[in-house]
Amino acid sequence: MNEIRVRFAPSPTGFLHVGGARTAIFNWLYARNKNGKFLLRIEDTDPERSKSELSEQIIRSMNWLGMIADEPIVYQALNIERHKQVALMLLESGNAYRAFETAEELEEQRKIAQRNKVPFKYNRASLNLPEVTIKKYLAEGRPYAVRFRVPEGITEFDDIVHGKTSFKNSDIDDFVIMRSDGSPVYMIAVVVDDYDMKISHIIRGDDHLSNTPKQILMYRALGWNVPEFAHLPMILDEEKKKLSKRRNPVSTEEYKDKGYLPEALFNFLTLLGFAPENNAEVVSKEELIKLFTFERVNKKSAVFDMKKLNWINSEYIRNTDTNELIVIAKGSKYLAENGIDLSKFTDVYISSVIMLMKERLNTLNDLYDFGEYFFKDPENYDEKGIVKYWVAEIKPLFREFSKELENFKHWSLLELEEKLRIFAENRQIKAAQLIHLLRLSVTGKTVSPGIFEVIEIMGKDSTNRRIYNFLQKN
RNA sequence: GGCGCGUUGGUGUAAUUGGUUAACACGCCGCCCUCUCAAGGCGGAGAGUACGGGUUCGAUCCCCGUACGCGCUACCA
């Protein structure tokens, strides 16, 4: 068998959509699994929607996820001449013909058909034009589009995930392959580029399933080998609609900014429409490469479940080396936006904080959301906490305890805890009553990791300063 | 409207060639641990496999129909 060559072919309309990322991942996994080539082609033929900066962003997101193309990136717009040339070949061989109708005329016909609820199909008027008329039109310089002449019959193919799929050619319109301004259309561009790139397997979204027979017909008309097709299920949102910006972030970049690890997103996306043997869930890229097979790819569209992503991400955070997390945290947009400058802290400090927080984080951004207090003194205190814990009987005792802390020499987890517990026991109160106040005064919150761990990391000065401020304000 | 694809708990997925109390994970609820979280441990609720017909001794699995969802139906990609 020939070399396996697959490609991911996004159109640069803004960013790498997570649905696209999933398609890219399946292509990539398949290529790696088969020792083949993974290629990237930017489909930038629509000048209205394509901008070069946007393709840069797609490439960046792909790299972030750990995927790079094995050959130079192909920009479809650069191949326009070739697409035209092939369209002309089709015209010359009689597999395509000139259509002189204007877009407006067709639109009108379409409307009428719609009104009468009958399926609209191009009536092939131009195909049946007498030779002389065509010559006359051409002499007049009348503009024309080139339409592919769909032959009679049935087009069948064996989709790798869907199995045997067939379409009646009579249901397929003679589609346009070249516009009247001479520009080629997507439908022919993909076929030509995939052929030129020697793509062996076209792995793409389900939404292209209905386009497949058209493309196969073109391959055949050109006498080209038809590649294999694998159509992946779509990804839907919780409302079972196409992933929409309203409910979920749809761009890969957004997930990065929200503190998701690339490996986690990659793993999660993989699980949408695919399950490795044993139904394993947290699976490394290396394992995934080994385990990937289309036999276990689903036909059914999948719903993007944020909660599961969060869980997977938290698993990855827990299992990622702290030093790596430090690097990521330092580059975090979110922390910066919230005024946290990690370069002001020592790596030892950041490292202790992350080690303590690691198993509590869903995303790296939670480092701020849950642990802001590690990086700045609290400015206000949880109101419910105040009501519940800052009660008259305890106030004097907490003040007294804070004095003792100021002079406490043995600033370590165990000794701090022992000290507090003994203090509480002597005053006949529950240690928890002081602990809650300690937490509230130091963090401003009622929730944190074990408070002795927290103040051990924070250090004596910072802790005492915070308690002092708390007592001043309350 | 036409054509195509799909349909297993709330979600993602399992279930050797038709024979299981329909499994696992996320989520949810409760308990334990405990200074609050998180993690962990233990337990629980939640689907009879969209619906209706077949075929079969027996269908999640095979066939047909219906419903619903999605996609295509552009001189968009």
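Bear in mind that the values here come from a model prediction, so they are computed numbers and not experimental data.
By the side chain to side chain donor-acceptor pair (under 3.5 Å) test, A:Arg318 pairs with A:Ser314, A:Glu315, sequence neighbours left out. For A:Ser183, the side chain to side chain donor-acceptor pair (under 3.5 Å) test picks out A:Arg179, A:Asp181, with sequence neighbours left out. Every side chain to side chain donor-acceptor pair (under 3.5 Å) that A:Glu400 has, sequence neighbours left out, goes to A:Arg427. Partners of A:Phe370 by ring-ring contact (aromatic ring centres under 6.0 Å, His included), not counting sequence neighbours: none found. Applying the side chain to side chain donor-acceptor pair (under 3.5 Å) rule to A:His231 yields the partners A:Asp159, A:Arg204, A:Thr212; only residues at least two apart in sequence or on another chain are considered. Annotation: salt bridge (Lys or Arg N to Asp or Glu O under 4.0 Å) contacts of A:Arg82 (sequence neighbours excluded): A:Asp196.
With rounding to whole Å, A:Leu356 atom CG is found 13 Å from B:U36 atom C1'. For the pair A:Leu236 CG and B:G12 C1', the computed distance is 12 Å after rounding to whole Å. Between the OH atom of A:Tyr389 and the C1' atom of B:U36 there is a distance of 6 Å, given to the nearest Å. If you measure from atom CD of A:Glu107 to atom C1' of B:C76, you get 13 Å, rounded to the nearest angstrom. Between the P atom of B:A38 and the CG atom of A:Asn310 lies a distance of 14 Å, rounded to the nearest Å. Rounded to whole angstrom, the span from the OH atom of A:Tyr186 across to the P atom of B:C72 amounts to 11 Å. The separation between A:Arg98 atom CZ and B:C75 atom P is 19 Å, rounded to whole Å. Atom P of nucleotide B:C70 and atom CE of A:Met234 are separated by 13 Å, given to the nearest angstrom.
In this structure, B:G12 shows a glycosidic angle more than 90 degrees from zero, which is the anti conformation.
Residue A:Leu272 is in sugar-phosphate contact alone, with no base atom involved, counting any heavy-atom pair closer than 4.0 Å across all strands shown. Among the heavy atoms of the strands, none lies under 4.0 Å from A:Glu238. Base contact: A:His208 has a heavy atom under 4.0 Å from a base atom. Within the 4.0 angstrom heavy-atom criterion, no nucleotide atom of any strand lies near A:Met178.
A distance of about 11 Å separates the C1' atoms of B:A59 and B:U49, rounded to the whole Å. Rounded to the nearest Å, the gap between the C1' atom of B:C5 and that of B:G9 is 24 Å. Going from the C1' atom of B:G46 to that of B:G27 covers 11 Å, rounded to whole Å. Between B:G54 and B:A15, the two P atoms lie 29 Å apart (nearest whole Å).
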Can you pull every protein N or O that's under 3.5 Å from an N or O on nucleotides 29-35 of chain B?
unit_1, atom_1, unit_2, atom_2, d
B:C35, OP1, A:Arg421, NH2, 2.7
B:C35, O2', A:His436, NE2, 2.7
B:C35, O2, A:Arg439, NH1, 3.1
B:C35, O2, A:Arg439, NH2, 2.6
B:C35, N3, A:Ile451, N, 3.4

List every contact pair, protein side and nucleotides 23-26 of chain B side both N or O, where the distance is under 3.5 Å.
unit_1, atom_1, unit_2, atom_2, d
B:C24, O2, A:Asn279, ND2, 3.4
B:A25, O4', A:Glu281, OE2, 3.4
B:A25, O2', A:Glu281, OE2, 2.5
B:A25, N3, A:Lys308, NZ, 3.0

Atom pairs, protein N/O to nucleotides 48-51 of chain B N/O, distance under 3.5 Å:
none

Shorter than 3.5 Å, N or O on both sides, protein versus nucleotides 3-8 of chain B: list them out with atom names.
unit_1, atom_1, unit_2, atom_2, d
B:C5, O3', A:His162, ND1, 3.1
B:U8, OP1, A:Lys300, NZ, 3.3
B:U8, OP2, A:Lys300, NZ, 2.6

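Residue A:Arg110 places at least one side-chain N or O closer than 4.0 Å to OP1 or OP2 of B:A74. Taking only side-chain nitrogens and oxygens, A:Arg179 comes nearer than 4.0 Å to OP1 or OP2 of B:A77. Under 4.0 angstrom from either OP1 or OP2 of B:A39 there lies no side-chain N or O belonging to A:Ser314. Of the side-chain N and O atoms in A:Arg360, none sit less than 4.0 angstrom from OP1 or OP2 of B:A39.
Counting non-hydrogen atoms of neighbouring residues, nucleotides and ligands closer than 6.0 angstrom, the CD atom of A:Glu140 exceeds 12 such neighbours. Counting non-hydrogen atoms of neighbouring residues, nucleotides and ligands closer than 6.0 angstrom, the NZ atom of A:Lys258 reaches no more than 12 such neighbours. Within a 6.0 Å radius of NZ in A:Lys395, more than 12 heavy atoms belonging to other residues, nucleotides or ligands are found.
Between A:Asp174 and A:Arg124, at least one side-chain N (NZ, or NE/NH1/NH2) sits under 4.0 Å from a carboxylate O, which counts as a salt bridge.
Not a single donor-acceptor pair, N or O on each side, falls under 3.5 Å between the base of B:C37 and the side chain of A:Ser448.
Put simply, CE on A:Met187 and CD1 on A:Ile177 are 11.0 Å apart, with the number rounded to the nearest 0.5 Å.
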Practice item. Before giving the answer on ring-ring contact (aromatic ring centres under 6.0 Å, His included), spell out for A:Tyr260 and A:Tyr316 the whole-Å C-alpha distance, their side-chain angles and the decisive distance to 0.1 Å. Key: CA-CA 9 Å; A:Tyr260 290 91; A:Tyr316 273 87; over 10 Å; no
Practice item. I would like to know whether A:Glu418 and A:Arg421 meet salt bridge (charged side-chain N to carboxylate O under 4.0 Å, His left out); could you show each step before the answer? Key: CA-CA 5 Å; A:Glu418 190 189 16; A:Arg421 290 195 185 278; over 6 Å; no
Review point. side-chain contact (heavy atoms from CB on, under 4.5 Å) between A:Met458 and A:Tyr373: does it pass, once the steps are laid out?
Key: CA-CA 10 Å; A:Met458 226 165 236; A:Tyr373 50 84; 3.9 Å; yes
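Within the structure, every pair that satisfies the ring pair (Phe, Tyr, Trp, His ring centres under 6.0 Å) test and touches residues 429-452 of chain A, not counting sequence neighbours, is listed here: A:Tyr389-A:His436.
Considering every non-hydrogen atom in both A:Ala21 and A:Leu65, the closest pair reads CB-CD1, 3.9 Å. Nearest heavy atoms, A:Leu471 versus A:Trp390: CD2-CH2, 3.6 Å.
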Practice item. Give RNA chain B the dot-bracket treatment, 5' to 3': Watson-Crick (N1-N3 with N6-O4 or O6-N4) or G-U (N1-O2, O6-N3) under 3.5 Å, [ ] crossing, | other strand. Key: (((((((..((((.....[...)))).(((((.......))))).....(((((..]....))))))))))))....
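Classification of the A:Phe294-A:Phe292 ring pair by plane angle, with boundaries at 30° and 60°, yields perpendicular.
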